[in-house]
Amino acid sequence: MRQNQWMSLLGLANRARKIISGEELSVKQIRSGNAKLVLLSADASQNTTKKITDKCNSYAVPLKIVENRYLLGQSIGKEARVVVAVLDDGFAQKLVTLLD
């Protein structure tokens, strides 16, 4: 049940245009201070995982790991996504509670 809740909420955030997907775009949002939460798929490459984890740690952005890239992509109506940055405080806080 929890899985459906976070995926639905992420889809809603997507329709509200409060998320960015993709590695480079997410890193850009982390650097600029707009990212409130970053979702990273568990099956991301080592390089991507290290890059995103390091950026989130240095800019104090919360990072949550989700099961796989297909679930992450499906929740926002795309094929497969490895990284998604949430740009809204409200969505970010609710997603953190659902993913804990």
Side-chain angles (χ1 to χ4, degrees):
M1 188 63 185
R2 274 256 208 255
Q3 178 176 325
N4 291 343
Q5 287 181 325
W6 77 259
M7 288 176 68
S8 296
L9 187 63
L10 193 61
L12 185 63
N14 182 45
R15 289 190 292 282
R17 300 191 186 280
K18 298 293 182 186
I19 66 166
I20 291 288
S21 65
E23 183 183 347
E24 291 305 318
L25 292 173
S26 295
V27 167
K28 188 176 176 183
Q29 294 302 321
I30 293 168
R31 278 193 193 127
S32 66
N34 293 335
K36 309 300 180 202
L37 169 68
V38 174
L39 302 175
L40 178 67
S41 72
D43 59 352
S45 69
Q46 281 185 326
N47 200 11
T48 300
T49 302
K50 182 181 180 342
K51 183 177 186 178
I52 296 297
T53 305
D54 290 351
K55 282 286 177 228
C56 286
N57 288 339
S58 62
Y59 287 91
V61 176
L63 174 71
K64 291 290 176 186
I65 307 294
V66 297
E67 292 89 74
N68 62 50
R69 64 183 67 195
Y70 303 105
L71 276 179
L72 199 52
Q74 180 188 351
S75 64
I76 60 172
K78 301 264 193 324
E79 275 295 308
R81 288 291 183 264
V82 176
V83 183
V84 170
V86 181
L87 308 177
D88 181 76
D89 273 324
F91 283 121
Q93 289 170 2
K94 184 64 178 171
L95 279 165
V96 166
T97 61
L98 291 175
L99 288 165
D100 276 343

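- Nearest heavy atoms, Ser41 versus Ile65: C-CG2, 4.4 Å.
- None of Leu9, Val96, Asn14 except one satisfies the side chain to side chain contact (heavy atoms under 4.5 Å, CB included) rule with Phe91; the exception is Leu9.
- Here the CD atom belonging to Glu23 is positioned 8.5 Å from the OG atom belonging to Ser26, to the nearest 0.5 angstrom.
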> Passes side-chain contact (heavy atoms from CB on, under 4.5 Å), Lys51 versus Val27? Steps please.
Replying inline: CA-CA 9 Å; Lys51 183 177 186 178; Val27 167; 4.2 Å; yes

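- Put simply, CG on Asp54 and OG1 on Thr49 are 10.5 Å apart, with the number rounded to the nearest 0.5 Å.
- By the criterion of side-chain heavy atoms lying less than 4.5 angstrom apart, applied directly or through intervening Ile, Leu, Val, Met, Phe, Trp or Tyr residues, Leu87 is not grouped with Ile30; the two fall into different hydrophobic clusters.
- Distance check: Leu39 CG to Ile52 CD1 gives 11.0 Å after rounding to the nearest 0.5 Å.
- Leu25 CG to Ile19 CD1: the interatomic distance, rounded to the nearest 0.5 Å, is 11.5 Å.
- For Trp6 against Val66, the heavy-atom pair with the smallest separation is CH2-CG1, 3.7 Å.
- Of all heavy-atom pairs spanning Arg69 and Ala44, the tightest one is NH2-CA, 3.9 Å.
- Counting heavy atoms from C-beta outward, Leu10 and Val86 have side chains that approach closer than 4.5 Å.
- Among the candidates Asp43, Thr48, Asn47, the single residue satisfying the side chain to side chain donor-acceptor pair (under 3.5 Å) test with Ser45 is Thr48.
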Could you list the donor-acceptor pairs under 3.5 angstrom formed by side chains in residues 72-84, with sequence neighbours left out?
unit_1 : atom_1 : unit_2 : atom_2 : d
Ser75  : OG     : Leu71  : O      : 3.4
Ser75  : OG     : Leu72  : O      : 2.7
Arg81  : NE     : Ser21  : OG     : 3.0

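- For the atom pair CD of Gln5 and NZ of Lys94, the computed distance is 7.0 Å after rounding to the nearest 0.5 Å.
- Side-chain contact between Val61 and Lys55 is absent, with no heavy atoms from C-beta onward closer than 4.5 Å.
- Contact annotation: the side chain of Lys18 never approaches that of Leu12 to less than 4.5 Å [non-hydrogen atoms, C-beta and beyond].
- The CD1 atom of Ile20 lies 9.0 Å from the CG atom of Asn34; values are rounded to the nearest 0.5 Å.
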